[in-house]
Structures are given as C-alpha cells and as structure tokens.
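Just below is one structure, and these are the notes that go with it.
Order of the sequence lines sets the chain letters (A, B, ...), proteins ahead of strands, with each chain counted from 1.
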Amino acid sequence: MEELIISGRMNYKVDPYLHIWGWEIAFYLFVGGLAAGILFFAAFYYLRGKENQFPAAVKWAPMITPFILILGLGALFLDLHNKMNFWRLYTTIRLESPMSWGAWTLMVITPISIIWSSIHIKEIFPNWDWKFEWLEKAIAFFVRHKRPLAWVMAIYSVLLGVYTGILLSAFNARPLWNTSILGPLFLASGLSAGAAVIVLFTKSEIERRWFSKIDILIIGVELFFIIHLFMGLLASTEVQIEAAQLFLDGPYTLPFWIFVVFIGMLVPALLEYLEIKGQKIPVFIPVILILIGNIMLRFIIVYAGQASRYLY
Amino acid sequence: MRYAMAIDTKKCIGCGDCVVACQVENKVPEGFCREWIVEAISGTYPNLDLEFRSERCHHCANAPCVRCCPTGSSHIAEGGIVLVDPDKCIGCGACIASCPYDARYPHPDGYVDKCTFCIHKVRKGEQPACVSVCPTNCMYFGDLDDPNSEVSKKVKERKYKRMKTEAGTDPQLYFLI
Amino acid sequence: MDSNRREFIKISSLGLGGLMLSGTIFDSVSGSIFNDAVSETMKYIRTPTYCEVCFWKCAGWVTKNEDGEIWKVEGHQDDPHCNGRFCPRGTGGVGMYHDEDRLKQPLMRVEENGKQVYKEVSWDAALDFIADKMKAIAKEHGPESMALFTHGSGGKFLGHMLKAYGSPHITAPSFAQCRGPREVAFYSTFGEGILSPERTDIRDTDCLVLIGSHIGENMHNGQVQEMSQAIDKGATIITVDPRFSTAASKSKYWLPIKPATDMALLLAWINVIINEEWYDKEYVEKYAFGFDELKAHVQQYTPEWAYGITTIEPKVIRDTAKEMANASPAVIVHPGRHVTWYGDDTQRLRAVAILNALLGSWGRRGGFYSPEKVSIPSYPHPPYPKAKRTWKDGLEDKFSLATEIISNELCGASIPTKDREFNVKGWIVNGTNLIHTLPDQKKTLEAIQNLDLLVVIDTMPMEITGYADVVLPECTYLERYDAIRNSPHREPVIALRMPAAEPKYNSKPDWWIAKALGIKLGLNEFFKYKNIEAMLDWQLKQVGSSLEEMKKVGVKKYKRKYDDLYLADGQDFEFSTSTGKIELYSTEMAGSGYAPLPTYTEHAQPPQGFYRLNYGRTPAHTFSRTANNPNLTAIYDENDLWVNPKVAKQWGLKNGQYVWLKNQDGIVSTFSIKVRVTERIRWDSVYMVHGFGHSEKKLSRAFGKGASDTELITNVKLDPEMGGTGMRENFVTFLTEKPELKEAES
Ligand SMILES: Nc1nc2c(c(=O)[nH]1)N[C@H]1C(S)=C(S)[C@@H](COP(=O)(O)OP(=O)(O)OC[C@H]3O[C@@H](n4cnc5c(=O)[nH]c(N)nc54)[C@H](O)[C@@H]3O)O[C@H]1N2
Ligand SMILES: Nc1nc2c(c(=O)[nH]1)N[C@H]1C(S)=C(S)[C@@H](COP(=O)(O)OP(=O)(O)OC[C@H]3O[C@@H](n4cnc5c(=O)[nH]c(N)nc54)[C@H](O)[C@@H]3O)O[C@H]1N2
Ligand code: SF4
Ligand code: SF4
Ligand code: SF4
Ligand code: SF4
Ligand code: SF4
Ligand SMILES: [Mo]
C-alpha cells in the first residue's frame, strides 16, 4: 500500500484541487468564442460577396459583438486579483503567454467590431446621425477600405477563437487542458454558436437554412474532436488517463454528456435537421440549446481542468 | 551560475522546521505556505519504507509559470531563480494554473507569491532560511555551475531523483536517495 | 472559600468589575522589571536568549524588525545544544509571544451571585492574598504543607522563595513522569546519572541502539542533530519500537517488538553478548562488579526464549548483538528519556545500563562522555530554615531510591487520609499543566479539591488555571531575564536569556513574582539583590564574565578543568557506587530490598476489541504547551489516531473519520480524534501525539482539537524503586457514535 501525507501545505486555492479560476474565465471564453464565430462569418461572407444574400451574418449579428466583447473583458478584469495593475497587460507583448496575446487580440478586435457595426448601423436605422463631422468622416474612411478591414477582422476572429482554446491547452500542468485538440474544439464550438446566433437574427429563409446546415456540420466536427480528445488522453500517461476519468466516470461525467453533448449538440442538430426537412420548429429552441451547450462546455472544461493535476 | 537545492531524504525527518522558518522569515500570510512536507510510506507492516521530502518551488530551468505570465512579472533572476515582481503582477492566476507542483499561492495583497530561494539572504551571502535552520542539516543550496559547491558535490556523489520531470520543467530541486 | 467546592472556571468567564491596576505600585518595593535598563535593553536589534519551548534550552538570538517588534528567533552558532539551528518548536517560539490568547491580568476566584468567576485584580492584591494564605497555612499546618510544582526556568526563583519560606517540597514532572527511572538505574549502576542534555556521544558513535526513544519525532535538538551526523558517518542504527517511527525508517535494523516486552529482548542481548564472549573483557575485568552473578542470572534468557515473548527472531537478536559488539566501545544503547512505561522501568533501564557496561561504552568516545559544567554560586542569602517534616514521612521505605521528589506522591499527599498526619495544603503550580501532565486525572482533581490554596503561574489559559484560586500571568521567555543557563556538556558552557521586548499586557517574570511574594512574606533577607540584573551580574562576575559581556556574546564556553571527557586507556577510576565499581549486580538495589539483577516480568496485553494506547511526540509540538501556538498549529493543529489497516478494516474505519475512545475503565475521551489509517502502527496498538484535546475554550486554536491521551491513562503502574508512573498499560476501543453528555460537559 502507498500512503502519501502532505503536511504544512496551506494553500486552499490549490488543495485539495486547484480553483484559481471561476465563472469569470469560463464566461470570458464563451463570449470570446461567440464573438469570434459571428465576426468570422461576417468577414468571410462579406469577402465572398454574399453581403446581400446573408445580411444577418454580415451586418446585423455583428452588432452585438462589441457589447459581448466588452462584457468578456469585464469578466476578465473581475478575475484579476490585482486590478490596479491591469494596464500592465499592455506594457509588453509576450508571445509565449496566451494571456498576453489574447489580451492584445481583444484590444484589436473589439474596436474593429465597433467599427464594423457602425459601418452598417445606418442600414438598420436609416435616420441615424453621427452628430460629429469627424466621426462621419472616419466611418466614410472605413467604408472605403471595407475589404482590408474585413481581412483583418477575419484573421483576428480566428485568432480569438483559437486563443479561447489555447489559453487552457497551454497549461501542461493540467493534463485535461494540455491537449492540442482544445484549440480547434473551442474554435469550432465558437463558430457553431456564431452560426446559431445568425440563425436567430436572420429573416431570410435561405440564410437560415444555410446556417442551420453549417451548424449541423460544425457539431459533427465538434463530436469528432471530443472523441479524439478522450482517445488522446486515454492513450497517454497516468495523469492524462486520470483526467479523462473525470468525464468517463467521475464528478463531471453526467453534466458533460447530458448538457454539452446531448442537449448542447445532438438535440439541436436533430432539431435543425428536422427544421430543414420542413418540420415546424421554433428557431430559437435549437439556438438556445446550442448556446447552453457552449456555455456548459466552457464551464465544465475550466472547472474539470483545474481538478486534474500532475502531482500527488 | 545555476542555483539549485539538494535535499538528502536519507537524513530528512519531516520535522517541518524548514516550513516554520520559511513562514517566519518571509512573513508568509496565515493560511498559505511557500513550502511543505511530503511523507511517503510504502509496504506493509513490518516491511516498510518511509521517505520524507521537503518540497517547494523547483525553480525550473524551463519554467511554465514564467512563459505563461502576460506581464513579465514572473521572471528569471540571477542563477536561474524564478521570481515574481509584485509591482508587475495583475493576479491573473495563469502562473498558479501553470505550475505542475502547485508551488504558488495568491498573496492576499493581490500578487502571486512563492519560494524565492530566499534571494534576499542569498544576495547577502547567507543561506536560505530553510537550509540554515534544518536541524538534520539535510539541505544543500548553492551554485551547480561551481564544481566545488556543496550542491554540485552532493549531486555528483549521490544518487538523486527530481520530481515530475515528465512535465518538461527541468526542476532544480535534487532529492538525494 | 469552601475548598471542596472549587469549580472549574473557564478563564473566559470573567467577573464583571475587574479592576485594572498595573503592577507599578509595586516598583517602590522591588524595582520595575528592567528598572533603568529598559530603554538601554530595548535598543538592541539582536538580543540573546535561550529557548523555553522545551527543556533542551537551546541558546539563540532574537531579531526584531524595522518597527522594533520581535520578528524571529534563530539558533546561536556557538551553542552546543543547537549549533545555530533551532528545532521547529523553537523556530515557532515567537508564536508564544504573539499568541493573543495569552493570560493578560492577575485573576482571582470570587463568588458572584452564587457562581464562581475570575476577577481581574492588581498584582498587589493578588500577591497580598497569596501571602496571607501562605502565612495561614504555615501557622496551621507548617510551611512544609506548601508545595511547588514547577517545570521550566522560572522555577529556580520560586523554589528559592519556597525554601526560604520553609518548605522543601519542590517537584517537577520531569522525574516521576519522565526520566526518573533512567537516572535511578544509572546512578545505581555507574554512580552517575545521564543528566540533561544527555551525555550520549552520538556524534562519534558507530552503533546507536534506540529502545523506544523516537529521536526525530522527539526533537531534542542536540540528539537529533548528532543522530543525523551519525547517519552521515554511516553509523549503524538499531531501533526497537512497535511503531515504525521516523528513527526506525532511518535504521539498518528495525525490531518491531511486541509492546511491553523490551525487558526480554534486553536480557537476551545480555545473554548473547556474555555467552558469545562479545563483551569488553578488559573493561569489565577492570571496572565491573558482579559479572559472575549476572552471567549465571541471564543463562535462562536465551534468544529463543525471548523470541516467544518479543516476536523478534533469535537470528535478529544475535545479529544486532553482534553489530553492537563490533562497534564496541563506540556504541550507545540509548537510555531514552520518557521511560515511565510499565512500572518495572527502573529495572529495564538497569538492563540497558548493564548492556552498556558490558559493551564498555560508559566513559568512552562514541559511547557516554563525562560532561562538565561551570559552578556558579547562588546569590548570597541566609541558610534556609530546616524542614521538620517531609513528603517521605509516612511513605516508610516505599520508592526509597527516588533521587527527586515524586510529583504524583506530593499530589497524593494532598488527599487527606486518617493514618497520615502530614498533608499538603497549598500548591503553587508554575509552568506545568498538571491536568494534562499527571496520569490518573481523577486523583489530581481530588487533590485539588482538598487544597486551601492553589496558585497557578502560567502564560496561557491552560486547563490547570481553571482550578486556581489565583492565576498569575507570567511573561514569555522572550520578554524576560532568567537564571543563567548552566548545562553540563562536552565543554562547560553558559547562556544568557534577556528580554527582547517589554512584557505584553500586565504579565511579569517569575523572578519578579518570587521576589515580590517573598517580600510580602517578610523574607527580605533572601532577596537582597536590587533586581535580577544586579543578581545575574554578580553571579557572572564570580565566573569571570559579566552581564555586559553576556548581553553581547549570548553564549560563553569555558575550558574543561580536567581532560577527562573519556576514560583514558587503563585509567584507574573510582565509580561513586558503594563498591566503587560499575555495579552489574546492584548492591544498592539489594540493600533496599529490590532485585539486584533485572528480571523479566510479564505485562498485561490488550483484551479482545481493545488496543494498547501508545503515545509520543510530534516534531512541531511540545506536550500541551504549544497546542495553541499560531506558528505551530499552522503546520499541525490536531493529533490523529494511528490505526493499522487490518484494524481499520475490521471496524470499518475510514481515513479522516472521527472517533471517540473508551478505555478499560470505561473512561470516554472528551473529544473525538481523526483516524489515520497507516501501516506504521501495529495491529495491537493505536498511537496518538500527547498534548492535544484541550477543553479550555479560551484556547481559540487548541480547543476541542484532537484527543487527550492523559484522560485515558487511568491505569498507572507505579515503579516500586522510585515511584515513576508507568503509563503505557492502558487499552482503548473505538466509539464511532458521539457519546452522550460527555462532550456536553466540556
Ligand atoms: N517534538 C517534541 N520533542 C520532545 C518533546 C516534545 O514534547 N515534543 N518532549 C521532550 C521530553 S521532555 C521527553 S521526556 C522526550 C520523550 O521522548 P522519548 O524519550 O523518545 O519518549 P518515548 O516514550 O521513549 O518515545 C515514544 C516511542 O516509544 C515507542 N513505544 C511505545 N511503547 C513501546 C514499547 O513497549 N517498547 C518500545 N521499545 N517502544 C515503545 C512509541 O512507539 C514511540 O515511538 O521527548 C523530548 N522531545
Ligand atoms: N499522558 C502523558 N503525560 C505525560 C507525557 C506524555 O507523553 N503523555 N509526558 C511526560 C513528560 S516526559 C514530561 S517532561 C511532562 C511535561 O509536562 P509539562 O511540562 O507540564 O508539559 P506541558 O503540558 O507543556 O505544560 C507546560 C505548561 O507550562 C506553561 N508554560 C509554557 N511556557 C511558560 C513560561 O514561560 N512560564 C510559565 N509560568 N508557564 C509556561 C504552558 O502554558 C503549560 O501550561 O509531561 C509528562 N506527562
Ligand atoms: S527541516 Fe530539514 S529535516 Fe526538517 S523537514 Fe525540513 S528538511 Fe526535513
Ligand atoms: S515549480 Fe512551479 S513555480 Fe516554481 S518554477 Fe517551476 S513552474 Fe514555476
Ligand atoms: S498572476 Fe501575476 S505572476 Fe502570475 S501570471 Fe499573472 S501576472 Fe504573472
Ligand atoms: S528558500 Fe526561502 S523561500 Fe524558499 S522555501 Fe526555503 S525558506 Fe522558503
Ligand atoms: S529543542 Fe527546540 S524547543 Fe527545545 S529548546 Fe531547542 S529549539 Fe527550543
Ligand atoms: Mo520529559
């Protein structure tokens, strides 16, 4: 029998398991992914010249991104123990630190999302008035350079989406997080969330069907990633296998398979499929389910990851 | 220069003096610690094995905590000592999550704290508090690059193990076995 | 007050109008604590002291921080007790000073609307009350009826006061609950005791045999440090312990002996060493007396015989005997320190002494050295009055070999019996928490109920304070001067303790209390010195130093008078025994009607469903005195109950589960204790650390943490030779449900 006794280690943030991060980070990752999804589709279909075919994707859905991005930044700020030093984030660029380039990515994409929204605001509220001459000028400038802007937005939205996953997977101290699949998985789920929101916004039948299809496709990809995630962990060392156990038979098994996989992926995918096949299903139901699944995924991974450790 | 610590498990009795000395010397806030004791028992009565280890930050040569720090607050000082600069720390907790040894704690004053190898004493040419208090004299601190330092000698003469090297951290605590 | 209604008062229940007078009115009488020296004392940033967290008394330095507050205490490089390194308890000693639960004001027991409570009073009022009571006792029963129970430095001054008052009855638990049997056994064998610090030359030994003594958990600093040095040098360590102690884990041989059977092993070792002729012939030839009697006597005790009793295989017994012989004379069969186990302890320690004699380790390098200390004259005073009666009256020739006063006998002498006309009537208890210290709590409490006066001097609101008529708050060792530490060692060495800060609250040092009380008792002649600084300076000047010097150096070493650390080869030596030789056969024992040669007596083993209550130390605590220390509770805040996995399985006990304990006499532990399922303990015993399970609520960190071994030790095996209290023949069983009313009581 092996008996391990650890004494004198007073650190309630670390024992019996790490809980340094709470809802703030999980929420921050969720909205980050969501915004990334929306902005990516906006840029992508604008560049593909589908601006008029997919108005919700290109113009309307992006309107909410400035707000959720700022909410996200707010959550991140709340999480800091030393808020007065917040500005320190922007005194250096440390490429090795996801936290760092994540912060910078947000610094770039948030204004872009604002600009993008302002460009289209007049199309929704025709008699909108910018009051200030120079603002009008500025907007005009961006309208003229919308293509390069869209390119930048496309790149940074992908960065943001991936970052939400990398942030965690960079921690090789937490076996559950420390897998290359996490980045793509979070990017994918971000896209599916984005697509879902677009479905909610659109009035055009074509657009809705198209993005429902995209959702189903992405959900398929996500499931593939998830299976890979576990195969990867189980095929790895003891600590990784322990980590996988958290989901296969452990405290996180039920919430994960029920909320994330079943309610958050399978059910909505099915509903959207039936919807496409012409069944009458209120759009918002699958959308809500997908968003719930999205949030749950972030929360569960954030918490479970902290429960998986390297030592003792 | 490469500062490192060698701890002789053949002599360590797990008395915790090092922990107490660290608390007092570094005014570690109540409820937290910079180091701790591990007691590992194997076998069944009466065929037993018992190992004590005094553990702390391993001052990893390849330190994830430094890599993940967004502000450069976690940094590498002279001799490879891994330090936190409280003025630069935003308390994001990334380094805490990144440490495979869970050697860091969030200081109530907002920054993250951990073992400093007592750099404030080392700079004065003194030994770290835990090393100089240890009643069994089982801890050796010094420069691995100096072949004549006590650590170098111990690490050369004795069998040793390092903890969780598979985490790729290249830890600098050498447990003599 | 009606003495047989002395209710236990929680210090927390303070009376209403406690008047808050500082001791200053006293200064006119005996000078303030540091008189003029205060400011001068305080300007040091580093002041010398010696540690009071246990009785090893390591010398060290107190360092203050920028704000002039006490920051840390560190070992003194030149002190052979610690070599610059304190043990965890000493390092955490600052916690005693900072502990906000400390006693703050003199307290007096008063009746307040039918309820007994404590009332804060001035030192003047408290000492007046005590002085009057003591005078009354002297008049009614004779001054011998006052007793002092003391453990710790300040006792010297109180002892002086009590002797001046006319009572010789000064006792410490360190004899009859601790080292007594060892000292008696070694006196009767070698004509000298082991003393403290132990004269064991562990540093240079080639073979260290530990019987019980769990050095490494027992943190007596010098012993721990030298054992580590011995390990470095590759010395063989043999540990005899039913529990896999820390020392056992460092040993080449661990003998997991069946508890209470050590005597059989020791006798078998002697048998082998004699019959195999492995003993030091010249040495025995030259110095020993009674070898032939011994040889004849131990023939019956073969390893095969011992195997049946101890469960240690004959081969192991022979191999370990050989190891000792090979190392001889650089071998130590360690006499241990807390040796009051089974009642035949003096005899067991005799066997240990004999074994050392055969191996020729006494007076040899790597064995037992001959310590030397400075002789410091005490401050001049008139001769003490002669006591007319002593505690021994009425004892006939019981415990006739006791070399010190037996604490538990003084306690017993406080319970009146018709045939004994001498009874103890008043106690001064200083620095000993008798409730946790003396076994058989019932007896202790009964004695207390029969007292006319109980004064308790302590730093903390420990259990004993709750029974006092007057509680006097002493300041901690970091806030006071004390007697010069003058200990026997390889080289004579003295150390100074001086205050690093002014006493917190309204606490005072023992020397001040002793003097102030002495003067109120009209014993001015015995307290001629102006204050302690004057006294210490006078004493130091007699030995070629001065207070001024000691304040700077802290520790001063002297050259040995004679070069006799070890016996020179073939040196003639007269041992101070009646035969002038090492008495393998003890004429003293024979003369007093005790067995001159140790014999094996069988001890009870646990009945069905019960387990032997084994207890010991944990490195970071000293008995009960540190149980509330903030620095030390930080790393160990409650004792746990070691249970062998087999036993745990049988009872369905889980790691971390809390259980209550019931002993063979139906006594149930007041508090529950956390189970630690571990292979380190035998299936026939359970183990816990002594000093926990405090019932005084005012101890905010210690209250209700863990269980007390003391309250479960109701079966006491008295040592016929010296009255020691054998405490290891108590058996407990588990209660998984919270027992009724018990916990309510506390
Ligand atoms: N940390 C710390 N150190 C201390 C103290 C303290 O309070 N705290 N107190 C100091 C004082 S005053 C003293 S007296 C010493 C006491 O320390 P020791 O002299 O070492 O006391 P022991 O009772 O011999 O040690 C207890 C050991 O005896 C073992 N034992 C129990 N029953 C038996 C038995 O039947 N046979 C054998 N062979 N072993 C048995 C137990 O398993 C345990 O390992 O410690 C000193 N050092
Ligand atoms: N059940 C059981 N009983 C035992 C033992 C055991 O292992 N188990 N061990 C035995 C042994 S070996 C010994 S040596 C004795 C030890 O017995 P004690 O010396 O009585 O041990 P403590 O319980 O520490 O009690 C010390 C008391 O002194 C107080 N004190 C501390 N510092 C000071 C000070 O500076 N001034 C004053 N005035 N008071 C102070 C503390 O608050 C505490 O109340 O116990 C013996 N009794
Ligand atoms: S002080 Fe030394 S012996 Fe004690 S636990 Fe620390 S390293 Fe081990
Ligand atoms: S042990 Fe942890 S804190 Fe210390 S250097 Fe390594 S990773 Fe950083
Ligand atoms: S908590 Fe402080 S030290 Fe740690 S990563 Fe964040 S900024 Fe760097
Ligand atoms: S080196 Fe200093 S900071 Fe690090 S554990 Fe030792 S005492 Fe604490
Ligand atoms: S052994 Fe520890 S507790 Fe005892 S005197 Fe020395 S330092 Fe103090
Ligand atoms: Mo003792």
Side-chain angles (χ1 to χ4, degrees), chain A residues 1-15 17-22 25 76-77 79-104 167-168 170-175 177-178 237-239 302 305-306 309-312, chain B residues 14 16 18-20 22-23 28-44 50 54-55 64-74 86-94 96-112 163-164 166-169:
Chain A
M1 120 159 183
E2 249 284 336
E3 191 187 343
L4 264 184
I5 289 169
I6 301 164
S7 56
R9 179 146 107 179
M10 298 149 282
N11 189 343
Y12 71 98
K13 285 282 183 186
V14 160
D15 294 323
Y17 55 82
L18 184 71
H19 51 290
I20 193 72
W21 284 342
I25 293 291
L76 176 63
F77 182 74
D79 170 68
L80 301 183
H81 291 261
N82 220 5
K83 303 186 170 45
M84 290 307 96
N85 279 2
F86 185 67
W87 56 276
R88 290 279 188 184
L89 273 171
Y90 297 105
T91 54
T92 55
I93 299 182
R94 308 199 64 261
L95 291 177
E96 281 186 319
S97 163
M99 265 281 176
S100 176
W101 59 260
W104 282 105
L167 174 63
L168 298 183
F171 293 128
N172 63 348
R174 311 296 151 193
W177 291 344
N178 185 16
T237 70
E238 188 188 339
V239 282
V302 165
Q306 300 186 74
R309 66 163 34 166
Y310 230 104
L311 212 51
Y312 320 126
Chain B
C18 44
V19 181
V20 181
C22 179
Q23 301 278 0
V28 179
E30 223 174 321
F32 294 103
C33 70
R34 286 182 174 192
E35 63 169 305
W36 59 93
I37 305 298
V38 176
E39 171 185 351
I41 302 135
S42 53
T44 51
L50 168 58
S54 165
E55 298 191 354
C65 56
V66 173
R67 263 185 280 115
C68 74
C69 177
T71 65
S73 166
S74 282
D87 298 336
K88 286 193 189 165
C89 178
I90 59 173
C92 66
I96 296 179
S98 79
C99 173
Y101 309 92
D102 289 331
R104 295 178 163 237
Y105 71 90
H107 194 289
D109 295 349
Y111 59 93
V112 162
M163 309 309 294
K164 296 292 166 190
E166 61 270 35
T169 46

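Both the backbone and the side chain of A/L80 come within contact range of chain B, with heavy atoms under 4.5 Å apart. Using a 4.5 Å cut-off between heavy atoms, B/P108 makes no contact with chain A at all. At a 4.5 Å heavy-atom cutoff, the contact between B/C68 and chain A is made by backbone and side-chain atoms alike. With a 4.5 Å cut-off on non-hydrogen atoms, B/E166 touches chain A through its backbone and its side chain both. When heavy atoms are compared at a cutoff of 4.5 Å, B/R34 does not approach chain A at all.
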Check: side-chain contact (heavy atoms from CB on, under 4.5 Å) between A/R88 and B/D87: does it pass, once the steps are laid out?
Finding: CA-CA 9 Å; A/R88 290 279 188 184; B/D87 298 336; 4.1 Å; yes
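Heavy-atom pairs under 4.5 Å with chain B peak, among A/W21, A/W101, A/Y12, A/W177, at A/W21. Contact tally against chain B (heavy-atom pairs below 4.5 Å) for A/Q306, A/M84, A/K83, A/K13: the top residue is A/K13.
Atom CE of A/M99 and atom SG of B/C69 lie 10.0 Å apart (nearest 0.5 Å). Note: A/I20 CD1 to B/D102 CG = 10.0 Å, rounded to the nearest 0.5 Å.
A donor-acceptor pair under 3.5 Å links the side-chain atoms of A/N172 to the main chain of B/A167, judged by distance alone.
A heavy-atom distance below 4.5 Å is not found between the side chains of A/N85 and B/T71. The closest side-chain heavy-atom distance from A/T92 to B/P70 is not below 4.5 Å.
A pairwise comparison of heavy atoms in A/I6 and B/W36 identifies CG2-CD1, 3.7 Å as the closest pair. The minimum heavy-atom distance linking A/L4 with B/A40 is given by the pair CD2-CB, 3.7 Å.
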